[in-house]
Amino acid sequence: MFDTLINSASKDGCIGDYCTLKSGFAFKSKWWQDSGIPVIKIGSINQDYLNLSNCSHVSEDKISLAKDFIVSGGDLLIAMTGATIGKFTMVPKMHKTILVNQRVGKFFLGENPINKIPFIYCTLKQPEIISEIINRGQGSAQPNISASDIMSIPCVIPQTDEINNFNLQTAPMFELIINNQVENLILAKTRDLLLLRLMSGEIDISNIGF
């Protein structure tokens, strides 16, 4: 469906014509603590998977400072530095406040990002877009790309009604993916808890039949 939308069309626009991207909040190293409000860092970004188990944390009073970088279900994030540069993922629906650290880019897609995420997600999946992000991030010891560099990458921008129709038809699929991410997180936490109890001897599997 997406290929049909952009097939044989010229790159008459850029990513910034569709949405805005900003690098996350620059939290100070002295603010990090073992518990509190989770903050997504570069290490949490994997392609199509957000690892929330290794987040750093800050106190609740930092929420007001980083209010523009609160993320919720359906938000889209991208790694802007390091070995994972260009990898992007959606945020699962979580019933807690989550913030974004610097060098993790947040796409601003409105109050209900799921309604706009299909087009930009599929655009970022295009091989030429991926290559352009990686190429623009070269030139230093550590790959690094700015928000303006990403927003200026050329891409096909169809007519507004065509984009809206594409988003309308595919948004339910993306919502299903996000819901599945939540279930996977719950299963992963359950697995880790069971393994911990097994290793500590709290669970005896010798009498469990298979």
So, the side chain of [X] versus the backbone of [Y]: is there a donor-acceptor pair under 3.5 Å, distance only?
X: Ser146; Y: Asp149; result: yes
X: Thr81; Y: Pro143; result: yes
X: Gln33; Y: Ser35; result: yes
X: Asn135; Y: Ser131; result: yes

Closest approach of [X] to [Y] (non-hydrogen atoms, all atoms of both residues):
X: Val104; Y: Ile42; result: CG2-N, 3.6 Å
X: Tyr121; Y: Leu76; result: CD1-CD1, 4.0 Å
X: Pro118; Y: Asn167; result: CB-OD1, 3.4 Å
X: Leu124; Y: Ile130; result: O-CG1, 3.3 Å
X: Thr123; Y: Ile129; result: O-CG1, 3.3 Å
X: Ala147; Y: Ser23; result: CB-N, 4.4 Å

Under the side chain to side chain contact (heavy atoms under 4.5 Å, CB included) criterion, do Ile45 and Leu50 qualify, and how do the steps go? CA-CA 5 Å; Ile45 306 293; Leu50 182 61; 3.8 Å; yes
Does some side-chain heavy atom of [Y] sit less than 4.5 Å from a side-chain heavy atom of [X]?
X: Ile145; Y: Ile133; result: yes
X: Cys55; Y: Lys41; result: no
X: Asn144; Y: Ile85; result: no
X: Thr97; Y: Ile70; result: yes
X: Leu99; Y: Ile40; result: no
X: Ile78; Y: Leu21; result: yes
X: Ile114; Y: Ile178; result: yes
X: Phe25; Y: Lys62; result: no

Run the numbers on Lys93 and Ser72 for side chain to side chain donor-acceptor pair (under 3.5 Å), then give the verdict. CA-CA 6 Å; Lys93 291 183 178 180; Ser72 56; over 6 Å; no
Say whether Leu65 and Ile63 are linked into one hydrophobic cluster, either directly or through other cluster members, by side-chain heavy-atom distances under 4.5 angstrom. yes
When hydrophobic residues are tied together by side-chain contacts of less than 4.5 Å, even through go-betweens, does Ile120 share a cluster with Met173? yes
Over 60° means perpendicular and under 30° means parallel, so tell me whether Phe119 and Phe2 are parallel, tilted or perpendicular. tilted
Measuring from [X]:[atom1] to [Y]:[atom2], what's the distance to the nearest 0.5 Å?
X: Met90; Y: Asp48; atom1: CE; atom2: CG; result: 7.0 Å
X: Cys155; Y: Met151; atom1: SG; atom2: CE; result: 12.0 Å
X: Gln142; Y: Arg103; atom1: CD; atom2: CZ; result: 9.0 Å
X: Cys122; Y: Phe174; atom1: SG; atom2: CZ; result: 4.5 Å
X: Asp75; Y: Thr89; atom1: CG; atom2: OG1; result: 11.5 Å
X: Ile157; Y: Glu162; atom1: CD1; atom2: CD; result: 11.5 Å

Assess whether side chain to side chain contact (heavy atoms under 4.5 Å, CB included) is satisfied between Cys19 and Leu109, documenting all intermediate values. CA-CA 6 Å; Cys19 61; Leu109 302 172; 3.6 Å; yes
As a quick check of understanding, evaluate side chain to side chain contact (heavy atoms under 4.5 Å, CB included) for Gln169 and Asn165, giving each step before the final call. CA-CA 6 Å; Gln169 292 186 54; Asn165 184 54; 2.8 Å; yes
Strictly under 6.0 Å, is that where the ring centroids of Phe107 and Phe88 end up? no
Side chain to side chain contact (heavy atoms under 4.5 Å, CB included) between Lys22 and Gln102, intermediate numbers included: CA-CA 9 Å; Lys22 294 182 181 179; Gln102 62 182 339; over 6 Å; no
I want to check a possible cation-pi pair here: Lys116 against Tyr18, using under 6.0 Å from ring centre and within 45° of the ring axis as the test. yes
Has Lys106 got its NZ or CZ under 6.0 Å from the middle of the six-membered ring of Phe108, at an angle within 45 degrees of the ring axis? yes
May I have the step-by-step check of side chain to side chain donor-acceptor pair (under 3.5 Å) for Ser152 and Arg136, ending in yes or no? CA-CA 11 Å; Ser152 66; Arg136 292 190 180 202; 2.6 Å; yes
